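Letters A, B, ... are given to chains in the order of the sequence lines, protein chains preceding strands, and every chain is numbered from 1. Below, each value reflects all heavy atoms present in this structure, side chains not excepted, and no hydrogens, waters or symmetry copies. The structure presented is a predicted model; accordingly, all values stated were derived computationally and were not measured.
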Number of protein chains: 2
Amino acid sequence: MPKVETFDRGLVIAQVTDVFHDKGFNATSMQDIVDATGLNRSSIYNSFENKHNLFLECLKTYKSKCNTQLSEKLSKASNPLESIELIFDIYILEMTKDEQDKGCLIVNCASEMANHDVSITNFLQKNQNDMLTLLEGLVSKAQQDHLINSKRTGKEYALYLYSNMQGFRMTGILISNKLELESIKNTIIQTLI
Amino acid sequence: MPKVETFDRGLVIAQVTDVFHDKGFNATSMQDIVDATGLNRSSIYNSFENKHNLFLECLKTYKSKCNTQLSEKLSKASNPLESIELIFDIYILEMTKDEQDKGCLIVNCASEMANHDVSITNFLQKNQNDMLTLLEGLVSKAQQDHLINSKRTGKEYALYLYSNMQGFRMTGILISNKLELESIKNTIIQTLI
DNA sequence: TTTTATTTGGAATGAACGTTTCAAAATTAA
DNA sequence: TTAATTTTGAAACGTTCATTCCAAATAAAA
C-alpha cells in the first residue's frame with residue numbers, strides 16, 4: 001500500500017556522517033544536513049526522527065564500517081603484533097591522505113558529548129569495551145608467540161594501546177607529516193617488543 | 001573620569017572557563033555565561049567584545065595557569081625523568097578528583113575547532129610547539145643523565161609523549177579508575193627507561 | 001481503478017541564538 | 001559640584017535553530 005522511501009539510506013547516512021565528522025554535532029545544523037543530502041526536511045524527520053537519532057545512527061554506522069575495514073586489513077597480517085601495527089598504519093594513511101585531518105568521529109564525539117548525553121555515553125562505553133577486548137586478544141596472542149614482551153598483562157597493554165590510539169587520532173588533527181606520525185607509531189610499538 | 005569595571009576579571013574568566021570546559025564552545029550559550037557570571041550581557045560584550053574573543057581569552061588563561069601549575073610542580077622533581085612522570089601524575093589527580101572528568105579544555109577545543117577557525121588553530125599550533133619544546137628539553141636532559149634511553153632522539157620522544165598526553169586526557173574522560181590510569185602512565189614511561 | 005498508507009514539498013512554528021541599542025547609573029578628574 | 005566618560009540594566013534586534021504541520025504527490029494493495 002505505502003509509498004516507499006526513494007533515497008538510498010546508506011548514501012544519506014554517509015553524506016550526513018561527513019558533515020558531522022567535519023563540524024561536530026553542535027555546529028552542524030539541520031540546514032547543513034538538508035544541503036548535504038538534497039533531501040527535504042520532512043523526509044529526514046520522517047526517516048530519522050530527529051537530529052540526535054540521526055547522529056547516533058551515523059556513529060553506529062561509522063563504528064561498524066571502521067570495524068569491517070579493520071578486520072579486513074588485520075586478516076592480512078601474518079601475526080598479531082603486525083595486526084597492532086596495521087591499526088596505526090591505517091590511521092597514518094587516513095591522516096596523510098588529506099592535508100588536514102578531521103580526527104576520529106568517535107574520539108571527537110567523546111570530547112564533545114561524553115558524560116552529557118546518556119545514549120551517547122553508553123555508545124562510547126560499549127565502543128571502548130569492544131576495542132579493549134579486541135586489543136587484549138591481539139596482545140595476549142602475541143605474548144603467547146613471544147612477539148610481545150610480558151612485562152605487563154594483555155589487559156594493561158590493551159589499555160595503553162587504546163589510550164595511544166586516541167592520542168594518535170588527536171595528534172593527527174594538527175600534524176599530517178608522515179615521518180613524524182610513523183615515528184610516534186614506532187615508539188608506541190617499541191614498548192611492546 | 002570614567003566609571004571603572006566593578007567585577008573581578010580573573011574570577012569572571014575562571015567562571016566562564018568552567019562553562020566552556022564543561023560544555024565546549026558551541027554548546028555554550030551567552031545565556032549560560034550570563035548565568036554563570038551574574039554579569040549583564042552588556043558588561044560582557046563591553047569587556048570581552050564577543051563570545052569568540054571571550055573563549056580565546058579563557059583558552060589563553062587556561063594555558064598559562066596550566067603552565068604555571070606545571071612548572072611549580074616540576075621544580076620539585078629531583079630529575080627530568082621524574083618531571084615527565086609528574087606531568088601524568090597531575091593529570092591522574094585531576095581525573096580521579098571528580099567521578100567524571102571533563103578532559104583538557106585545549107584537547108577538547110582541538111577536537112571541536114581545529115582547522116575551522118584561524119585564530120584557534122594558531123593558538124593550538126603555538127601551544128603544541130611550546131609543549132613539544134618543553135618535553136624535548138626534559139627528555140634531552142634526562143638522556144644526558146642516562147635516565148632515559150637513547151633509542152630515539154629527544155624530539156621523537158617528545159612527540160611520543162605529547163601524543164600520549166592527549167590520549168591520556170581523552171581516556172580519562174571515560175575512565176576514572178586510578179589503578180588503570182596509573183598502569184597507562186607506567187607503560188608510557190616504560191618506553192623511555 | 002479505487003483505496004489506503006506513506007513519503008514528500010514548502011511553509012510555518014516558537015524558542016533560542018549572538019549581538020546591539022540606549023538611557024540610566026556610577027565614578028573620577030577638574 | 002560639575003563635567004566627562006564609562007559601565008550597567010533591560011529590552012529589543014534580526015537570524016538561525018530544531019521541529020512540526022498539512023496538503024499534495026506517490027505507489028502498492030485491493
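Both M30(A) and L59(A) belong to a common hydrophobic cluster when Ile, Leu, Val, Met, Phe, Trp and Tyr are linked at side-chain heavy-atom distances under 4.5 angstrom.
Remark: K51(A) is positioned above the aromatic ring of F25(A), its terminal NZ or CZ atom under 6.0 angstrom from the ring centre and at most 45 degrees off the axis. No cation-pi contact links R152(B) to Y160(B), judged by a cut-off of 6.0 Å to the six-membered ring centre and 45° from its axis.
Every salt bridge (Lys or Arg N to Asp or Glu O under 4.0 Å) that D130(A) has, sequence neighbours left out, goes to K63(A), K126(A). Looking at residues two or more places apart in sequence or on another chain, you find no salt bridge (Lys or Arg N to Asp or Glu O under 4.0 Å) involving D145(A). S47(B) is linked by a side-chain hydrogen bond (donor to acceptor under 3.5 Å, both in side chains) to E5(B), counting only residues two or more places apart in sequence or in another chain. Residues passing the side-chain hydrogen bond (donor to acceptor under 3.5 Å, both in side chains) test with N67(A), sequence neighbours excluded: none. Looking at residues two or more places apart in sequence or on another chain, you find a side chain to side chain contact (heavy atoms under 4.5 Å, CB included) between Q100(B) and N115(A).
For S43(B), a side-chain nitrogen or oxygen approaches OP1 or OP2 of dT8(D) to under 4.0 Å. A sub-4.0 Å separation between OP1 or OP2 of dG18(C) and a side-chain N or O of N50(B) is absent. One finds no side-chain N or O of N40(A) lying less than 4.0 angstrom from the OP1 or OP2 phosphate oxygen of dT8(C).
Atom-to-atom, CG of D35(A) to P of dT16(D) comes out at 12 Å; the value is rounded to the nearest Å. Counting to the nearest Å, the P atom of dT19(D) and the CZ atom of F48(A) are 14 Å from each other. In this structure, CG of N46(A) is placed 12 Å from C1' of dT20(D), rounded to the nearest angstrom. Look at CZ on F7(A): it is 15 Å from C1' on dT26(D), rounded to the nearest Å. Atom CD1 in I44(A) sits about 14 Å away from atom C1' in dT20(D), given to the nearest Å. Atoms CG (L39(A)) and C1' (dT7(C)) sit 11 Å apart, rounded to a whole Å. Distance Q31(B) CD to dA11(D) P: 13 Å, rounded to the nearest Å. Here dT15(D) presents its C1' atom at 19 Å from CE of M30(A), a figure rounded to the nearest Å.
Among residues at least two apart or in separate chains, salt bridge (charged side-chain N to carboxylate O under 4.0 Å, His left out) pairs with a member in residues 16-38 of chain A are K23(A)-D32(A).
For the atom pair CD of E136(B) and NZ of K141(B), the computed distance is 13.0 Å after rounding to the nearest 0.5 Å.
Residue V107(A) shares its hydrophobic cluster (ILVMFWY side chains chained together at separations under 4.5 Å) with M170(A), I173(A), V107(B), M170(B), I173(B).
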For nucleotides 13-16 of chain C, print each protein N/O atom paired with a nucleotide N/O atom at under 3.5 Å, atom names and distance only.
none

Kindly give the atom pairs (protein nitrogen or oxygen, nucleotide nitrogen or oxygen) under 3.5 Å for nucleotides 20-22 of chain C.
from, atom 1, to, atom 2, distance (Å)
dT21(C), O4, S42(B), OG, 3.1

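The end-to-end axis angle of the helix from dT1(C)-dA30(D) to dA30(C)-dT1(D), rounded to 10 degrees and based on five pairs per end, is 0°.
Less than 4.0 Å separates DNA chain C from no heavy atom of any residue of residues 13-26 of chain B.
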Donor-acceptor pairs under 3.5 Å, side chain of residues 178-185 of chain B to any protein atom, not counting sequence neighbours: which ones?
from, atom 1, to, atom 2, distance (Å)
S183(B), OG, E156(A), OE2, 3.1
K185(B), NZ, E85(B), OE1, 3.4
K185(B), NZ, D89(B), OD1, 3.0

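The main-chain N or O of G103(A) is found under 3.5 Å from a side-chain atom of H21(A) such that the two form a donor-acceptor pair. With Q143(A) contributing its side chain and N149(A) its backbone, the two residues share a donor-acceptor pair below 3.5 Å.
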